[in-house]
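The next block holds one structure in the form of structure tokens; read it before the comments.
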Amino acid sequence: MPNNTTKVFLILIVLVAVFLRLWTLGSGELVFDEGLYSFRSIGYLDYLESPSQTTPVQWLADKSELPVWLHFSFHDHPPLFFLTQYLFFNLFSDSLTVARLPSALAGIGAVILLFLITSRLLKNKLAGLISAAIMAVSFASVSVARLSMMESLLFFLILLNILFFLKFIENRKYWWPFGLTLGLAFLTKYVAFFLIPTYFVYLLIYRRDLFRSRYLYQGLALMILVFSPVIIYNLYSYKTFGHFDLQFGYLLKQKLPWDAAVGGKTQEPFSNIFSNLSAIYSIPFLIISALGFFIALINKKLRQNYRLIILATIFMTLLFGIIGSAIRFVAMYAIVMAFFTTIAFLIFWEKKQK
């Protein structure tokens, strides 16, 4: 496909993504946790005004001045999404549109990243356009990008990190954007941790030589540095209160001051994954993406190109086996489904051309 033609189609796809994510963005009511996130982001303060889910800010209210470490993270989530919303509110004032704007922009960016990653993996610009088009109109992708919640920013940073990982394994000068974006993904939501075993197994099987490269460890050190506010927050939380934040404390089975249901940690069992998937993805889309996944597994050439995405899918699924299959979690499959659906379309297109 000629380069100019590719640009024209990519622009059209991005315009569709912009329309679907920005049109009447501020309409409707606050849903799910939008209000809780936006309320805390306006002043960048971890305060909920809830007697059933109090926060460290309230526990230390008798202090003349709150300790600095309380501003490094939040009791139930890492800080990046709150900080992003806080900056947007300060730039554009507080409104429902502004609250959702970071998610919408991240959703548009994710469409472009899908094009870049798929084009690189398959060395095929048509494949890149197909995956970008799927992401542009996917219900799960559009819906999370129109909500003042963490998932859209998380999707964007995961895809950005995957892109820089692919660049890094080709050219080690990309160690710093790889480490930076990995740390930022962790600062957005802890479920991004599935990337660690994904990269480890990939390198162990296919690029073991990089374990001897200082650039890999420089990237990981930068990731830890970027993530260090959460580490510092949890160390001080343990020293002060005897437990880590809600997420790590629940994972480590610590005695916490929050009831599990109140803290949002009562998850749907993994056995509900198919019903939850069908709630946000159409049955034809699920079938086509599953078909693409199995084609990638059995086709040696496609498996070689898509092995990183296959590993990401496996470890994402294993993570859901631990934390549950709530809809907000299985929405993450939108990232990989676009890749596998593209494979199915390409196979169909090739057979039609013959």
Side-chain angles (χ1 to χ4, degrees), residues 73 77-81 106-107 109-110 113-114 116-118 120-121 131 135 140-141 144 150-172 174-208 210-211 213 215-231 247-248 251 293 296 305-326 328-340:
S73 190
H77 292 292
L80 186 59
F81 184 77
L113 289 173
L114 251 297
L116 295 174
I117 294 171
T118 310
R120 175 179 288 270
L121 287 173
S131 64
M135 192 67 155
S141 175
V144 299
M150 301 172 180
E151 278 69 22
S152 187
L153 180 60
L154 176 68
F155 294 177
F156 172 80
L157 288 171
I158 287 174
L159 288 169
L160 187 62
N161 183 247
I162 289 173
L163 177 63
F164 281 125
F165 177 77
L166 293 171
K167 288 178 176 286
F168 167 67
I169 61 179
E170 294 176 2
N171 189 329
R172 296 177 189 183
Y174 287 101
W175 67 268
W176 70 267
F178 163 63
L180 174 64
T181 53
L182 186 59
L184 291 175
F186 294 162
L187 275 184
T188 303
K189 199 165 185 175
Y190 298 144
V191 292
F193 286 157
F194 81 90
L195 290 170
I196 292 293
T198 298
Y199 294 148
F200 177 78
V201 172
Y202 181 91
L203 294 176
L204 187 65
I205 298 175
Y206 305 111
R207 290 299 306 272
R208 199 171 299 180
L210 287 175
F211 285 118
S213 171
Y215 293 103
L216 173 63
Y217 301 102
Q218 287 177 188
L220 294 177
L222 179 57
M223 176 271 290
I224 293 172
L225 180 63
V226 173
F227 190 63
S228 63
V230 171
I231 297 173
Q247 308 288 347
F248 283 118
L251 181 66
F293 177 78
N305 292 332
Y306 261 35
R307 52 198 179 192
L308 178 63
I309 308 303
I310 292 171
L311 286 172
T313 305
I314 292 170
F315 283 109
M316 191 186 298
T317 304
L318 290 174
L319 175 66
F320 297 155
I322 298 171
I323 66 176
S325 63
R328 66 183 181 276
F329 295 145
V330 298
M332 287 179 59
Y333 278 121
I335 298 173
V336 295
M337 283 182 175
F339 291 110
F340 296 124

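Note that the coordinates shown come from a computational prediction; the quantities given were computed from them, not determined experimentally. Numbering starts at 1 and runs along the sequence shown.
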message: If you compare all heavy atoms of Phe194 against all heavy atoms of Val191, which two are closest, and at what distance to 0.1 Å?
response: CD2-O, 3.2 Å
task: Kindly give the heavy-atom pair with the smallest separation between Thr188 and Met150, and that separation in Å.
output: O-SD, 3.6 Å
task: Output, in order, the C-alpha distance, side-chain angles, deciding distance and verdict of side-chain contact (heavy atoms from CB on, under 4.5 Å) for Phe339 and Leu308.
output: CA-CA 11 Å; Phe339 291 110; Leu308 178 63; over 6 Å; no
- prompt: Short question: side chain of Ser141, backbone of Met135 - any donor-acceptor pair under 3.5 Å?
  reply: yes
Given side chains that start at C-beta, do those of [X] and [Y] come closer than 4.5 Å, heavy atoms only?
X: Ile196; Y: Leu182; value: yes
X: Tyr199; Y: Ile162; value: yes
X: Leu157; Y: Leu80; value: yes
X: Gln218; Y: Tyr215; value: yes

Are the aromatic rings of [X] and [Y] close, with centres under 6.0 Å apart?
X: Phe248; Y: Tyr190; value: yes
X: Tyr174; Y: Phe178; value: no
X: Phe320; Y: Tyr333; value: yes
X: Phe200; Y: Phe211; value: yes

query: So Ile309 and Phe340, side-chain contact (heavy atoms from CB on, under 4.5 Å) or not? Walk me through it.
result: CA-CA 9 Å; Ile309 308 303; Phe340 296 124; 3.8 Å; yes
message: Rounded to the nearest 0.5 Å, what separates atom CG in Leu180 from atom CE in Met223?
response: 12.0 Å
- line: One should read off an interatomic distance between Ile169 CD1 and Phe164 CZ, to the nearest 0.5 angstrom, of 14.0 Å
- request: Could you go through the side-chain contact (heavy atoms from CB on, under 4.5 Å) check for Met332 and Leu154 one step at a time?
  value: CA-CA 9 Å; Met332 287 179 59; Leu154 176 68; 4.2 Å; yes
message: What verdict does the side-chain contact (heavy atoms from CB on, under 4.5 Å) test give for Phe227 and Leu187, after you've listed the backbone C-alpha separation in whole Å, the side-chain angles of each residue and the deciding distance to 0.1 Å?
response: CA-CA 6 Å; Phe227 190 63; Leu187 275 184; 4.0 Å; yes
